> 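One structure coming up, written as structure tokens, with questions to follow.
Everything numeric here is computed off the predicted structure, so don't read it as measured data.
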Amino acid sequence: IPPTSYTAQSQSILHITLSAFQRKFQTDRMMDQVGKEYGDDTLDGLVPPSQSSSHSSLELQDQDDYDYDSSYATPSTPIKPKKSLLFYLATIQAFIIIYQTEVILGTVLAICIGTAISTSYHGRHKKVNPFEAAHISHDYTTITSKYDLTLGSIDHWCLRGDDNNCRCEDPLVPMSKRSSGKWDAQHRENIKVAQAALMKLLASNADGAWNNYEGYTPGQDLDDMWIEGGEDDWVDGEGSRFDFGGDDYENFDPWADGNWDDGDDDGFGVPVEMPTDGEGRKLEDEGLDVVFIGDSITEQRQGTSLGKPVEDFTGIKEVFRKSYSKEKGGDFNGIAMGVAGDTAPNLLWRLMNGEMPYGLTPKVWWVGVGVNDLTMKGCSEEVALLGILRVVEEIQLSHPDDIIVINSLLPVKRNVNGLLEHLGKHHEDVALKKKEKNLLDEEMSQKRGHIDFWPSIVSINEQLSDFASAHKGVKFFNADSVFVEERQDGKYMKLDLFIDPVHPNVAGHKKWNNAIKKRLHEILKDEGGE
């Protein structure tokens, strides 16, 4: 029973509701009494049906013999009261009044569940600008050595925003792939290329005065038997220059009597004075101008893929030789050392294990790596950036006076038209739609993720440019001027310069080489090298 404190209107509505329930109760009670008089709970079959729908009383077969008073008639069916809108409103109000606590708690629970579902849906379908999502917030321009690089600043490891759905390696640790015979063979070939360039540099000294290697004379064939020995560590492997007293090198004491002789020169030290030729020019001025290091795009310049000659790369090899061999009329002397499929940690390992030997000091190191970290490993922009910077710092540590040029990451084709991004009304960056970025399976390697890489590439290139601007001896070369064109509706890859979604063709390498040579002339002129 509602308390007397409620309003008069609420009491009136409740009174009407209770009266309706009381009338129904009395009707049911009357029907029960009538049923008991006949010995049963129902009147079905005992009272004949009505002959007219307008009569609601019981009728006998001979109506003329009886005086009939309809007031004593018993209805054949209970009369149900008509339920108006007011009835339902009163019922609801009565329910709320009686179960007030339960109604409040249920309402609060429903609101919480609805809010949680709405938040989850909008979180999954939130429209995020991919260029903003790919932005690297941490500032790496203050890095001065490899020891300043840490993993603590990484926001997420994987390109999709998490830490588990990728095959990323530690970008600061050198990582080999020597379990692959093809990779190891190409790495050994690169070592031979590096050593041959070094030997050629030494052989250019006609009088043989500059000889850093014991037993080496100009023109002698390259001795790389220690490479063929298959030992992991060149120091104690076959053909090594050091003898640690047999196999017990762990207990070897280099400072013990008899193990160190100050008077003997192993011929492996740095010469006191750089020899010069007859005209007084330094030997290094006639030496190696540029060394290209990187992944499959760099190996294209060698005409191979994992050491196997590729017919489509033969023209690229010839273009490189004509551009970076003075003997063939090129402006510079240069070598290329790449391995297909390599990431930044793989390149780091190669440099630390033979591809950057002591004495190989070109004027410029041209670094081109990072695209496989994104596309094949699925690493985040920040992880890929750290890997590239780790390679740069390793070169600077070994060759502090050499110039390092970081080549920008080249665009990756994601649709048949080469569209990279839309340009909005105000030339705002707009990433590709799903239908625009996915290629057919046969057109894109299954190893590469079917997502839009362009925002990530733009972010990494911006960070590399900022890093180079803040460090002396480090330059950045943006190849977008060669491979990307801006049209009225967006930015596009120049598909006529690519052989597949990633690798430039012969025409692409020609244009690229011309741009690189122009940049090299500018760099060497600024550094006083020309």
> For I297, run the side chain to side chain contact (heavy atoms under 4.5 Å, CB included) check against I316, L410, V369 and tell me which one passes.
L410
> Tell me the closest heavy-atom pair linking L360 and L198, and the distance in Å.
N-CD1, 3.9 Å
> Are W365 and F292, when compared by the centres of their aromatic rings, separated by less than 6.0 Å?
no
> Write down the atom of F467, the atom of Y140, and the distance for their closest heavy-atom approach.
CD1-O, 3.4 Å
> Run the salt bridge (Lys or Arg N to Asp or Glu O under 4.0 Å) test on K525 and E522 for me, step by step, so that the C-alpha distance in whole Å, both residues' side-chain angles and the decisive distance to 0.1 Å come before the verdict.
CA-CA 5 Å; K525 182 178 180 180; E522 295 173 354; over 6 Å; no
> State, with a plain yes or no, whether a side-chain heavy atom of P345 is found less than 4.5 Å away from one of V173.
no
> With disulfide (SG to SG under 2.5 Å) as the test, would you mind laying out the steps for C166 and C158 before giving the verdict?
CA-CA 6 Å; C166 57; C158 301; 2.0 Å; yes
> Rounded to the nearest 0.5 Å, what's the gap from CH2 on W366 to NZ on K475? Could you check?
11.5 Å
> Less than 4.0 angstrom from a charged side-chain N to a carboxylate O is my criterion; do K326 and D331 meet it?
no
> If you define the side chain from C-beta out and look only at heavy atoms, does anything of V367 sit under 4.5 Å from I404?
yes
> Is it true that K491 and E485 make a salt bridge, defined as a side-chain N closer than 4.0 Å to a carboxylate O?
no
> For E299 and T304, does a side-chain donor sit closer than 3.5 Å to a side-chain acceptor?
yes
> Relative to each other, are the rings of W183 and W349 parallel, tilted or perpendicular (30° and 60° limits)?
tilted
> Less than 4.0 angstrom from a charged side-chain N to a carboxylate O is my criterion; do D184 and R178 meet it?
yes
> For P411, which of V371, V458, V502, L420 qualifies under side chain to side chain contact (heavy atoms under 4.5 Å, CB included)?
L420
> Between R390 and E394, is the closest basic N to carboxylate O distance under 4.0 Å?
yes
> Determine whether N372 and K377 make a side-chain contact, defined as any pair of heavy atoms from C-beta on separated by less than 4.5 Å.
no
> Would you mind checking if K200 and E327 are paired as a salt bridge, meaning a charged N to carboxylate O distance below 4.0 Å?
yes
> When you check the gap from the basic side-chain N to the acidic O, do K177 and D342 get nearer than 4.0 Å?
yes
> Can you say whether the rings of H521 and F332 are parallel (under 30°), tilted (30 to 60°) or perpendicular (over 60°)?
tilted
> Is there a donor-acceptor pair under 3.5 Å between the side chain of S465 and the backbone N or O of N461?
no
